[in-house]
Amino acid sequence: MIPESFVQDLLARVDVVDVVGRYVQLRKGGANLLGLCPFHNEKSPSFTVSPTKQFYHCFGCGAHGSAITFLIEHTGASFPEAVRSLAGSAGMTVPEEPRSPRQRAADQVRKDEVSRQQQILDLAQAYYVRELKGARNAVHYLKQRGLSGEIAARFGLGWAGADRRGLASIFPHYEDPSLVESGLVIEAEDGRRYDRFRERIMFPIRNQRGNLIGFGGRIIGKGEPKYLNSPETSLFSKGHELYGLWEARTGIRKQGHVLVVEGYMDVVGLAQHGLDNAVATLGTATTSFHIQKLLRVSNKIIFSFDGDKAGRKAAWRALNTCLPLVRDDVSMRFLFLPSEHDPDSYIREYGQEAFKATVAEAVPLSRFMLDELASHHAMHEAEGRAACVHEAKPLLASLPEGTLRVQIEREFAKLVHLTPEELAQMLTEVVPAESAPPLPGIPVAQREASQPGENEEPPGFMDAPMFDPDDYGAYDSIDVRPSQSFSRDAPRASRGNRARTVTPMAKRLLRLLLAHPELVSSLGDQQLEILEQGPHLVLVRDLIALANVSGARHAGALLQAADPASDLAGILASVSPELLAQEDLPDPQAEWNDAMRRIELEAIKAEQSSLVLAGLKDESSRKRYHELTRRIALLSSASSR
């Protein structure tokens, strides 16, 4: 494990301009440097690099980060690889954190287990690829689906034959427990073993680093289940992974959005027609882990669902998952195809341009949400509108604070004949539900029945490249006719949606700290106490703790140190573009002190109001009121100097 202190020292010594400049032609643009974004196609430069704040940001696709992040995203390097590359260029040696003998032994066991399972999966993948070359029925099926040998090679498609113990030909020790642990072999209760996948088109599934973690298989004849995934293993978790995300990195940047489809075959079919920016969930409903991964690769997400009843239910579940994670700088939209089509069949019948046209007409999240709510209630009646408000309350309350939430609330208030103030009053009484709100207009019993089964598989299959097209030489040769308390030393855990509440004052403090991390060292106990009492300053406190723990010395280092899945990282990503246009302050400490005085004044006035409302009935409350009055006079005097 690379120590965080070394990462911060490294970022203090390398220059993000030099790192980015190796790959992007930059020119001076005021205090910053500009260039054409390497992450998406553009004709006018929107990619900006700040030499003073040491981070980059693209105003076109939203890509941003430190020198380390740039190497990871642009070259495909892992985090350790990127750090070692930068350290080498700076003449630094990457240390490893000292670990106890027990910790080292445990780490080695985990590494050996992962390495062993990785080797097993890779061997199985090579076997499935070889088997496909001679499987005329499998090739016939793929060609009927319009797939070329080149695409089959790119996605590593293979074939599992009918032999119950086919893998024994490449694993002589077929009784090895690792074969069961990797999900390739099933052991029956009587101890007999057999291959999990038989007579199926095989789709290897990779993680974001391109490592093989599991398989999906589609049966091409009669039999059940039609689709079969690897089971949950130490490498593979369906609720955390997205099919095609590794392969689609370049396509997502080129197209400017990521398309989320329901079927694995949709991903492969779209790529066959030149649309290589699609990903799919692995047989589960969309999870928050999926959304967080998607937001790291694009600020525009389009979900594609069938237009039938099942498709709209799936879309509604996805919307519920999205709501707590929406941001003002992110676009989430929903595409509904005709009920007789999925993306693969639609693009085969109508072509790439027609499919692109439908994508361009995808419905914004806000419109889908409001239309879907209204469709289940009699909106021409007071009773229907009241029921609609009741249904919408947990949805609206789950939205993070921000401009988008305000816009949606205003549109909904108009829809149900309420003023924004009346609706806001109703929402103050709502605590967002822990789980996703149910499908609107459906009785509870039906809602529960409509949830996908734990082992339900998706309608289609897919996966990654990593294989030479020559392995598929026989493919094209086969003819197929059409047929808690604040600590300045430790960051806080994510606090859910309420932690994302960002008032104008909190945003001001976040911008100040991000631009000037050195301010943290000047904080005294009194200012820390003031910050602790602010109910909307959770993220400010988190940033202070992060700066203390990491030792970050500039904005780029803070962006690198923040946990990508945290609320703080999301807010920093949204305010960092503003820093690029902001001129350096002549006296950031004075700006900070002024903000702290304002916060303290507001807190004092609130406490005084509470004392007055209580009636100032005893000597202690009257004494406290006068103390607060003197403190107000002192603060006002200081601010006037």
Side-chain angles (χ1 to χ4, degrees), residues 400-402 421 424-425 427-431 484-549 558 567-568 571-572 575 585-641:
E401 299 291 340
E421 293 74 22
Q425 179 61 37
L427 293 179
T428 58
E429 304 165 2
V430 179
V431 177
Q484 344 14 347
S485 65
F486 174 55
S487 165
R488 64 189 301 163
D489 299 319
R492 294 168 179 239
S494 171
R495 301 175 181 220
N497 192 54
R498 291 298 180 185
R500 295 275 311 260
T501 299
V502 184
T503 62
M505 178 56 74
K507 198 170 184 181
R508 177 183 174 187
L509 295 180
L510 287 169
R511 280 198 303 265
L512 265 172
L513 289 174
L514 188 57
H516 303 280
E518 69 277 5
L519 289 171
V520 172
S521 61
S522 68
L523 292 177
D525 290 339
Q526 184 179 9
Q527 287 194 344
L528 289 172
E529 185 178 347
I530 292 169
L531 290 170
E532 175 62 27
Q533 294 172 355
H536 297 303
L537 299 175
V538 173
L539 292 174
V540 177
R541 300 194 290 268
D542 286 352
L543 184 55
I544 291 170
L546 180 66
N548 273 308
V549 170
L558 279 173
D567 292 335
L568 180 61
I571 295 301
L572 294 183
V575 301
L585 296 170
D587 191 349
Q589 186 66 60
E591 181 81 9
W592 175 267
N593 291 340
D594 177 68
M596 295 301 296
R597 276 194 295 270
R598 291 173 185 271
I599 292 171
E600 188 179 0
L601 277 170
E602 289 299 317
I604 290 173
K605 290 175 182 178
E607 186 178 351
Q608 279 191 323
S609 296
S610 298
L611 290 170
V612 170
L613 287 173
L616 299 172
K617 296 178 180 177
D618 52 56
E619 183 60 29
S620 62
S621 61
R622 289 191 291 272
K623 182 179 178 182
R624 177 59 178 164
Y625 184 88
H626 291 305
E627 288 175 354
L628 294 174
T629 301
R630 286 193 293 273
R631 180 62 181 164
I632 289 176
L634 184 63
L635 289 172
S636 299
S637 173
S639 63
S640 64
R641 288 201 294 267

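Computed from a prediction, not measured in an experiment: that's the story for all the values here. Just so you know, these numbers use all the heavy atoms, side chains as well, and skip hydrogens, waters and symmetry mates.
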Looking at [atom1] of [X] and [atom2] of [Y], how far apart are the two atoms once the value is rounded to the nearest 0.5 Å?
X	Y	atom1	atom2	result
Ser609	Tyr625	OG	OH	8.0 Å
Leu539	Ile544	CG	CD1	11.5 Å
Arg597	Ile604	CZ	CD1	12.5 Å

Side-chain touch [X]/[Y], heavy atoms, less than 4.5 angstrom:
X	Y	answer
Leu543	Leu572	yes
Leu613	Ser610	no
Leu611	Leu628	yes
Leu531	Met596	yes
Arg541	Leu528	no

Side chains of Ser522 and Gln527, donor plus acceptor under 3.5 Å: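 No - no donor-acceptor pair under 3.5 Å links their side chains.
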Intermediate values then yes/no, side-chain contact (heavy atoms from CB on, under 4.5 Å), Gln608 and Ile632: CA-CA 11 Å; Gln608 279 191 323; Ile632 289 176; 3.4 Å; yes
Name the atoms and distances for all side-chain donor-acceptor pairs under 3.5 Å in residues 508-517, with sequence neighbours left out.
from   : atom 1 : to     : atom 2 : distance (Å)
Arg508 : NE     : Glu591 : OE2    : 3.3
Arg508 : NH2    : Glu591 : OE2    : 3.1
Arg508 : NH2    : Asp594 : OD2    : 2.9
Arg511 : NH1    : Glu578 : OE1    : 2.9
His516 : ND1    : Glu518 : OE2    : 3.2

Set of salt bridge (charged side-chain N to carboxylate O under 4.0 Å, His left out) partners for Glu619, sequence neighbours left out: Arg622
Can you sort out the partners of Glu627 under salt bridge (charged side-chain N to carboxylate O under 4.0 Å, His left out), two or more places apart, ordered by chain and number? Arg624
Which heavy atom in Leu546 sits nearest to a heavy atom in Leu568, and how many Å separate them?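 Leu546 and Leu568 have their closest heavy atoms at CD2-CD2, 3.9 Å.
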Smallest separation among heavy atoms of Ala506 and Val540, with atom names: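 Scanning both residues completely, I find the closest heavy atoms to be O-CG2, 3.8 Å.
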